[in-house]
Amino acid sequence: MPEAIECKNFNKTHPVHLKGKDFIQLADFTKEEIHYLLDVALELKSMQKQGKPHPYLNGKVLGMIFEKSSTRTRVSFEVGMLQLGGHAIFLSSKDIQLGRGETVSDTAKVLSRYVDAIMIRTFGHEMVEELAEHASIPVINGLTDLQHPTQVLADLLTILEHKGKLEGLKLCYIGDGYNNMPHSLLEGAAKVGMNISIASPPGYLPNGAIAEQAIQAAKQSGCTVTITNDPVEAIKNADVVITDVWTSMGMEAETEQRLKAFASYQVNEELCKHAKEDFIFLHCLPAHRGEEVTAEIIDGSHSVVFDEAENRLHAQKAILKLLLE
Ligand code: CP
Ligand code: NVA
């Protein structure tokens with residue numbers, strides 16, 4: 001099996017068909033589909049850098065429902081649709097009837113009559129699944145409490161660009177294990193054959209079902225999943241080091257308790273001495289310097305966080321193109 005599927009031009013017949021699918025979690029995609037998305041992202045990125053117009057979604061409209069704040073997700077989806085020749089509509093749940101109790105199913109059916117796809121950022125993952133069940137158009141998960149798949153596709157793209165491959169690398173995530181980023185990283189890494197190690201304090205380990213599914217996927221792709229309380233063990237010889245905030249959106253009431261629980265899980269120079277010399281550091285952002293990561297690391301020579309943020313745009317344009325065109 002080729003490590004990456006060739007994608008020299010978009011007219012080429014390809015066995016991967018994603019048209020009409022939802023993008024809710026990476027576990028729903030095969031290794032080939034993930035590589036195809038990454039290849040299309042690279043192609044679209046190159047076209048954009050060369051100033052070549054690429055209006056593949058001429059006249060298409062994306063509805064974007066936000067129940068939580070966002071900088072990157074909102075701007076990159078909106079700019080992405082514009083660059084693809086389409087349009088995006090920002091729908092704050094405070095302003096639409098969903099926020100006043102209109103049902104998710106009615107919202108899904110109504111929006112399906114107006115727009116070509118829905119992107120949603122919300123709290124409960126079940127809400128995205130319910131929206132997708134009742135919508136007749138693709139639904140894209142722009143972050144839930146459980147998953148952040150568009151971010152992890154951008155992370156895989158960033159790792160591929162910096163390391164030239166994914167398979168066989170060691171990715172390590174330090175911090176809050178029961179959260180959207182580590183869950184989507186578990187699914188993505190296991191699918192593409194990247195060894196993944198997660199270090200979290202007791203009580204903050206990843207969701208058992210997601211971890212179990214990743215272990216099974218890793219067996220198929222020939223890589224390993226390690227979940228531990230020991231950050232040194234997790235980071236040892238890592239090619240890629242990732243962390244995320246200790247207090248995610250919606251968990252603000254637990255801030256004090258979390259600051260204490262994660263105190264020895266900071267990504268700093270001392271801890272990173274155990275990673276490979278040429279490791280890269282990723283963070284989905286926003287970051288809290290001095291908490292989950294020190295300024296020396298996030299603003300230092302190993303950090304690729306702004307390439308990663310830019311890649312949200314290119315990865316999501318690939319998702320939109322393949323789901324909608
Ligand atoms: N990484 C990420 O999703 O950023 P935003 O919350 O700014 O969208
Ligand atoms: N885990 C973070 C990610 C932010 C993009 C949160 O959910 O707030």
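Each ligand, and each atom within it, is numbered from 1 in the order the structure gives.
- Remark: ligand 2 atoms within the under-4.0 Å shell around heavy atoms of L285 are 5 (C).
- In the model, S105 has no side-chain atom that pairs as donor or acceptor with a side-chain atom of H134 under 3.5 Å.
- Looking at S248 next to ligand 2, an N or O pair under 3.5 Å apart turns up.
- Under a 4.0 Å heavy-atom criterion, D145 is not in contact with ligand 2.
- For atom 1 (N) of ligand 2, the nearest non-hydrogen atom of the protein is D244 OD2, 2.6 Å.
- For the pair T247/H288, no side-chain contact is recorded, criterion being any heavy-atom separation below 4.5 Å from C-beta on.
- A search for side-chain contact (heavy atoms from CB on, under 4.5 Å) contacts involving T226 returns S197, E233, not counting sequence neighbours.
- For the residue pair D28 and Q25, a side-chain donor N or O sits within less than 3.5 Å of a side-chain acceptor on the partner.
- Contacts of ligand 1 (protein heavy-atom distance under 4.0 Å) are S70, T71, R72, T73, R121, H148, Q151, C284, L285, R312.
- Counting protein heavy atoms only, atom 7 (O) of ligand 2 is closest to N180 ND2, 2.8 Å.
- In the vicinity of N179, heavy-atom distances shorter than 4.0 Å reach the ligand 2 atoms 1 (N).
- A donor-acceptor pair shorter than 3.5 Å cannot be found between the side chains of E292 and T243.
- Checked by atom type, the side-chain pair H54/K321 shows no donor-acceptor distance below 3.5 Å.
- Aromatic ring pairs are classed by plane angle as parallel below 30°, tilted from 30° to 60° and perpendicular above 60°; the pair Y204 and F262 is tilted.
- Backbone and side-chain nitrogen or oxygen atoms of R121 are examined, and none is located within less than 3.5 angstrom of a nitrogen or oxygen of ligand 2.
- Between M81 and M64 there is no side-chain heavy-atom pair separated by less than 4.5 Å.
- If you look at D176 next to ligand 2, there are no close heavy atoms at all, none under 4.0 Å.
- On a distance-only criterion, M249 and ligand 2 share at least one N/O pair closer than 3.5 Å.
- Remark: N180 CG to D145 CG distance equals 7.0 Å, nearest 0.5 Å.
- Residues Q220 and Q216 have side chains that never bring a donor and an acceptor to within less than 3.5 angstrom of each other.
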